[in-house]
Asks: 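The structure's right below; bear with me while I get my questions together.
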Amino acid sequence: MKLDSKIPSGPLQQKWERYRLEMKLVNPANKRKFDVIVVGSGLAGGSAAASLAELGYNVKCFCFQDSPRRAHSIAAQGGINAAKNYQNDGDSIYRLFYDTIKGGDFRAREANVYRLAQVSVNIIDQCVAQGVPFAREYGGLLANRSFGGAQVSRTFYARGQTGQQLLIGAYQALERQIGLGRCQMFPMTEMLDVVVVDGQARGIVTRDLVTGEIASHAADAVVLATGGYGNVFYLSTNAKGCNVTATFRAFKKGAAFANPCYTQIHPTCIPVSGDHQSKLTLMSESLRNDGRVWVPKKKGDTRPPSQIPDAERDYYLERKYPSYGNLAPRDIASRAAKEVCDEGRGVGPGGKGVYLDFADSIKRLGEKAIRERYDNLFEMYERITGENGYKTPMRIYPAVHYTMGGTWVDYNLMSTLPGLFVIGEANFSDHGANRLGASALMQGLADGYFVIPNTIGNFFASSKQAKTSTSHPEFRKTEEEVKTRLQKLLSIRGKRTVSSFHRELGKLMWDKCGMARNEKGLSEALQLIPALRQEFWENVNVLGDGGELNQSLEHAGRVADFMEFAELLCLDALTRAESCGGHFREEFQTEDGEALRNDERFGFVSAWEYQGSGKPPLLQKELLVYEEVKMTQRSYK
Ligand SMILES: Cc1cc2nc3c(=O)[nH]c(=O)nc-3n(C[C@H](O)[C@H](O)[C@H](O)COP(=O)(O)OP(=O)(O)OC[C@H]3O[C@@H](n4cnc5c(N)ncnc54)[C@H](O)[C@@H]3O)c2cc1C
């Protein structure tokens with residue numbers, strides 16, 4: 001396998017523009033001759049499917065929910081970044097680019113990130129034109145707030161429901177194409193494999209989640225927009241359905257998987273309250289605009305927060321990172337929270353929490369102003385914890401939230417499997433080792449509305465490939481493999497539920513490969529995961545059968561993939577003997593406990609190549625060349 005990032009030549013600022021001019025085009029009358037499959041209808045997939053159909057391609061779009069409107073993107077709360085500089089506070093495309101590169105701890109590809117920053121400004125215009133109700137200032141201009149890792153306010157938002165409002169915009173555009181007959185939508189349909197014909201991705205095999213029917217779909221290109229894999233940790237802020245199946249099966253068909261160990265732990269989530277939980281809840285980073293994070297200075301201080309005077313509080317983010325304060329990036333804020341809790345200064349049950357306190361902002365701005373900004377988040381917090389965040393500080397703790405790793409893609413967003421494009425959270429492209437807040441929505445929509453509509457046309461126009469159909473033997477073969485696997489899961493009839501395996505895997509991952517990792521723990525995990533996987537295949541109990549709606553079977557298939565993927569993640573974490581961003585190896589830290597990179601040895605993207613069943617994957621390296629920025633020790637002090 002050869003990794004060719006296909007970064008266009010020329011100055012960074014002009015690469016995308018020049019490349020677009022150089023790209024080959026498909027004549028409008030010829031576009032309808034090309035079939036495109038888009039798997040996923042979240043912000044990345046929904047925007048891509050709508051845009052490709054609008055261009056004239058024949059699009060089929062798939063999702064496992066009953067409606068594209070239920071994609072996990074709907075959960076996004078805080079906002080979306082764009083370098084509009086509406087606040088006149090010094091923002092620019094270059095600054096957004098630089099913040100993102102630095103935020104990712106110098107482990108992202110410069111050219112992709114610069115393009116992302118350029119395109120960011122178009123996204124807001126597109127969404128406003130669709131009617132997305134972004135918050136506005138009194139005079140009618142769009143409002144902004146701040147997010148972590150930036151000293152400017154560039155985040156556009158719709159209260160605490162930005163993802164939902166953006167998704168409604170993309171969904172309307174998609175529905176329009178469905179209505180026009182240019183896009184066929186397949187809800188409640190799960191992709192279970194990619195079909196490769198003559199070394200190219202030429203289709204997918206799916207299962208109808210209502211009837212259990214296994215079917216094949218052929219196309220000239222396949223786009224995966226299937227989201228992130230945070231649920232390998234079982235407990236995360238992701239929707240329960242989020243999984244790695246599509247990208248992992250693509251990995252087994254030749255699409256290299258990049259940086260699986262780069263996982264984002266978000267500092268502001270509602271703390272775990274017991275074993276009964278099956279997911280965790282995010283309290284948006286936007287809350288750190290007005291909330292101050294603190295713990296008592298004294299260890300084991302069990303006084304209620306109202307009885308702890310200011311002088312006995314440690315506003316540790318403001319103390320440690322005075323220039324960014326409570327808006328230090330997520331990896332840094334998470335580690336700082338872990339540190340104070342490990343010292344015995346955490347609050348709430350088990351001491352696994354820190355306060356997020358709005359008292360000062362309420363005093364300064366009034367409760368009404370805080371309500372206007374975040375009311376649905378306060379309401380959500382109260383429903384879950386029974387506590388009123390306006391009256392008493394919220395309690396928060398870090399939790400798994402986002403995955404920067406994903407399918408390796410080149411500048412065109414095409415994987416190492418020709419014809420297979422991967423967009424949104426499912427690819428690895430723009431966030432390096434840590435993602436800054438409000439940049440996932442930006443990336444998903446940049447990929448879907450602006451990048452893939454260009455690059456897929458170039459692919460079609462440059463490659464002369466013959467049409468294929470589902471009667472090709474590769475489709476039959478792949479269908480048979482899918483059926484055999486499902487049958488195997490159904491035939492075990494063991495003693496443990498799918499959930500119990502998932503929970504055990506997640507705990508293992510969190511303990512050994514969570515917020516802090518070390519060689520010993522990772523080596524142990526690499527022993528324990530195969531043993532757990534073996535037990536899974538011998539002792540899992542999948543209820544029901546394959547010819548019906550069967551959520552136990554759906555879950556089993558996803559957990560089976562997590563069982564293999566977890567090993568890849570830990571192997572990647574073990575191999576990367578440095579700390580960077582969200583990947584914190586305890587052995588590699590500065591004197592004051594910050595991540596210590598080793599650019600000489602690890603200034604590359606790890607892209608893992610599948611070598612076949614039972615064989616260790618092969619590490620391929622894409623060297624990261626920084627022509628524009630200087631790699632420095634990241635500092636937010
Ligand atoms: C609670 C929360 C809040 C967030 N807030 C923000 C925020 O404020 N700002 C920000 O920038 N980011 C935020 N994020 C991150 C952001 O929401 C996600 O990264 C982003 O929405 C992912 O979009 P996506 O389109 O790539 O994937 P998703 O929205 O996860 O969509 C995946 C799609 O793929 C489909 N799919 C998956 N597998 C299959 C399969 N095998 N077969 C068929 N279909 C499949 C699903 O049905 C779905 O349609 C937040 C994340 C969480 C968890």
Side-chain angles (χ1 to χ4, degrees), residues 64 190-193 205 207 209 212 214 229-236 240-253 257 260 275-279 477-514 521-574 608 610-617:
F64 62 70
E190 183 163 30
M191 173 207 132
L192 291 180
D193 217 336
V205 169
R207 177 170 180 269
L209 297 181
I214 302 296
Y229 51 83
N231 281 349
V232 66
F233 291 87
Y234 186 72
L235 285 182
S236 88
K240 282 296 288 173
C242 293
N243 66 86
V244 77
T245 289
T247 48
F248 195 66
R249 307 258 170 117
F251 162 71
K252 288 188 157 182
K253 289 287 171 82
F257 206 106
D275 286 344
H276 60 281
Q277 278 177 297
S278 59
K279 88 175 287 306
K477 186 171 153 254
T478 314
E479 277 187 20
E480 281 317 308
E481 284 163 4
V482 164
K483 284 181 190 160
T484 308
R485 185 180 164 93
L486 293 171
Q487 207 39 54
K488 180 146 188 239
L489 285 167
L490 286 162
S491 65
I492 301 167
R493 301 284 172 196
K495 294 203 164 54
R496 283 183 66 177
T497 61
V498 180
S499 284
S500 84
F501 279 106
H502 192 179
R503 194 184 288 270
E504 186 174 339
L505 177 71
K507 182 164 184 331
L508 195 163
M509 292 298 287
W510 179 247
D511 290 347
K512 310 278 183 202
C513 194
L522 290 167
S523 305
E524 280 166 15
L526 286 168
Q527 301 290 320
L528 293 168
I529 295 166
L532 186 63
R533 186 167 64 233
Q534 188 177 342
E535 197 201 334
F536 173 86
W537 282 103
E538 287 165 0
N539 197 23
V540 72
N541 186 11
V542 183
L543 302 170
D545 69 47
E548 59 184 6
L549 177 75
N550 186 340
Q551 293 192 312
S552 174
L553 181 60
E554 290 166 33
H555 191 196
R558 294 170 193 165
V559 172
D561 288 326
F562 278 144
M563 287 278 179
E564 286 183 62
F565 173 71
E567 202 177 335
L568 186 70
L569 197 161
C570 291
L571 179 65
D572 189 44
L574 182 64
W608 294 92
Y610 185 66
Q611 296 282 291
S613 173
K615 295 189 190 145

Asks: Counting heavy atoms not belonging to Gln551, are there more than 12 under 6.0 Å from its CD?
Replies: no
Asks: Hey, is the main chain of Pro260 close enough, under 3.5 Å, to the side chain of Tyr229 for a donor-acceptor pair?
Replies: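 Looks like yes, one N/O pair under 3.5 Å.
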Asks: Determine whether Asn243 and Asp561 make a side-chain contact, defined as any pair of heavy atoms from C-beta on separated by less than 4.5 Å.
Replies: no
Asks: Does the Arg493 side chain pair with the main chain of Val542, one donor and one acceptor, at a distance under 3.5 Å?
Replies: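 Confirmed, Arg493 side chain pairs with Val542 backbone.
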Asks: With a 3.5 Å distance limit and no angle check, can you tell me whether Arg533 reaches the backbone of Met563 through a side-chain donor-acceptor pair?
Replies: yes
Asks: Spell out, as yes or no, whether a donor-acceptor pair under 3.5 Å connects the side chain of Lys240 to the backbone of Ser278.
Replies: yes
Asks: Please indicate whether Glu548 has more than 12 foreign heavy atoms, meaning atoms of other residues, nucleotides or ligands, lying under 6.0 Å from its CD.
Replies: yes
Asks: Going by the rule side chain to side chain donor-acceptor pair (under 3.5 Å), which residues pair with Arg207 if we only count those two or more places apart in sequence or in a different chain?
Replies: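 Once residues adjacent in sequence are excluded, Arg207 has no partner under the side chain to side chain donor-acceptor pair (under 3.5 Å) criterion.
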Asks: Examine distances only and state if a side-chain atom of Asn550 and a backbone atom of Leu543 form a donor-acceptor pair shorter than 3.5 Å.
Replies: yes
Asks: Do Phe562 and Thr245 have side-chain heavy atoms sitting under 4.5 Å apart?
Replies: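 Phe562 does not reach Thr245 side chain to side chain.
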Asks: Quick check on Lys279: does its NZ atom have over 12 non-hydrogen neighbours (other residues, nucleotides or ligands) under 6.0 Å away?
Replies: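 Counting neighbours around NZ of Lys279, more than 12 heavy atoms of other residues, nucleotides or ligands fall under 6.0 Å, so yes.
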Asks: Between Asn231 (side chain only) and Cys242 (backbone N and O only), is there a donor and an acceptor less than 3.5 Å apart?
Replies: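 Answer holds: yes.
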Asks: Rounded to the nearest 0.5 Å, how far does CD of Glu480 lie from CD1 of Ile214?
Replies: 10.0 Å
Asks: To check you understand the geometry: which heavy-atom pair defines the closest contact between Ala525 and Leu508, and what is its length?
Replies: CB-CD2, 3.8 Å
Asks: Considering all heavy atoms of both residues, which atom of Cys513 and which atom of Ala573 are nearest to each other, and what is their separation?
Replies: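 Closest heavy-atom pair between Cys513 and Ala573: SG-CB, 3.9 Å.
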Asks: What distance separates Thr247 OG1 from Met191 CE, expressed to the nearest 0.5 Å?
Replies: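 Thr247 atom OG1 to Met191 atom CE measures 8.0 Å (nearest 0.5 Å).
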Asks: Under a 4.5 Å cut-off applied to non-hydrogen side-chain atoms, are Glu538 and Ile492 in contact?
Replies: no
Asks: Write down the atom of Arg249, the atom of Gly557, and the distance for their closest heavy-atom approach.
Replies: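 Of all heavy-atom pairs spanning Arg249 and Gly557, the closest is NH2-O, 3.8 Å.
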Asks: Check Leu553 against Gly546 and note the closest heavy-atom contact, atom names and distance.
Replies: CD2-CA, 3.9 Å
Asks: Is it true that Arg485 and Glu481 have a side-chain N and a carboxylate O under 4.0 angstrom from each other?
Replies: no
Asks: Would you name the heavy atoms of Glu567 and Leu526 that are closest together and state the gap between them?
Replies: O-CD2, 3.5 Å
Asks: I'd like to check the side chain to side chain donor-acceptor pair (under 3.5 Å) partners of Thr478; sequence neighbours left out, ordered by chain and number.
Replies: none
Asks: Is there a side-chain contact (heavy atoms from CB on, under 4.5 Å) between Phe501 and Val540? Walk through the geometry before answering.
Replies: CA-CA 8 Å; Phe501 279 106; Val540 72; 3.9 Å; yes
Asks: Starting at CG of Asp545, measure out to OG of Ser491 and round the result to the nearest 0.5 Å.
Replies: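 Output value for this atom pair is 12.5 Å.
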Asks: Would you give the length of the straight line joining atom NZ of Lys252 to atom OG of Ser613, rounded to the nearest 0.5 angstrom?
Replies: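 The NZ atom of Lys252 sits 6.5 Å away from the OG atom of Ser613.
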Asks: Please verify the inter-ring angle class for Phe565 with Phe257; under 30° counts as parallel, over 60° as perpendicular, anything in between as tilted.
Replies: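 Geometry flag for Phe257 against Phe565: tilted rings.
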Asks: Indicate the atoms forming the closest heavy-atom contact of Arg496 with Leu532, along with that distance.
Replies: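 Heavy atoms only, the tightest pair is NH1-CD1, 4.4 Å.
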Asks: Does any part of the side chain of Met509, heavy atoms only, come nearer than 4.5 Å to the side chain of Tyr234, both counted from C-beta?
Replies: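 They are not in side-chain contact.
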Asks: Is Val244 close to Val232 at the side-chain level, that is, under 4.5 Å between some pair of heavy atoms?
Replies: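 Of all side-chain heavy-atom pairs linking Val244 with Val232, none is under 4.5 Å.
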Asks: Under a 4.5 Å cut-off applied to non-hydrogen side-chain atoms, are Phe64 and Arg558 in contact?
Replies: yes
Asks: Hey, could you give me the CZ/CG distance between Arg503 and Leu235, rounded to the nearest 0.5 Å?
Replies: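 CG of Leu235 is found 7.0 Å from CZ of Arg503.
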Asks: Not counting sequence neighbours, which residues clear side chain to side chain donor-acceptor pair (under 3.5 Å) with Asp511? List them please.
Replies: Lys507
Asks: How many angstroms lie between CG in Leu505 and OG in Ser500, if you round to the nearest 0.5 Å?
Replies: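 If we round to the nearest 0.5 Å, Leu505:CG and Ser500:OG are 11.0 Å apart.
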Asks: Does Lys495 qualify as a cation-pi partner of Phe536, given the criterion of NZ or CZ under 6.0 Å from the six-membered ring centre and within 45 degrees of its axis?
Replies: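 No, Lys495 does not sit over the ring of Phe536.
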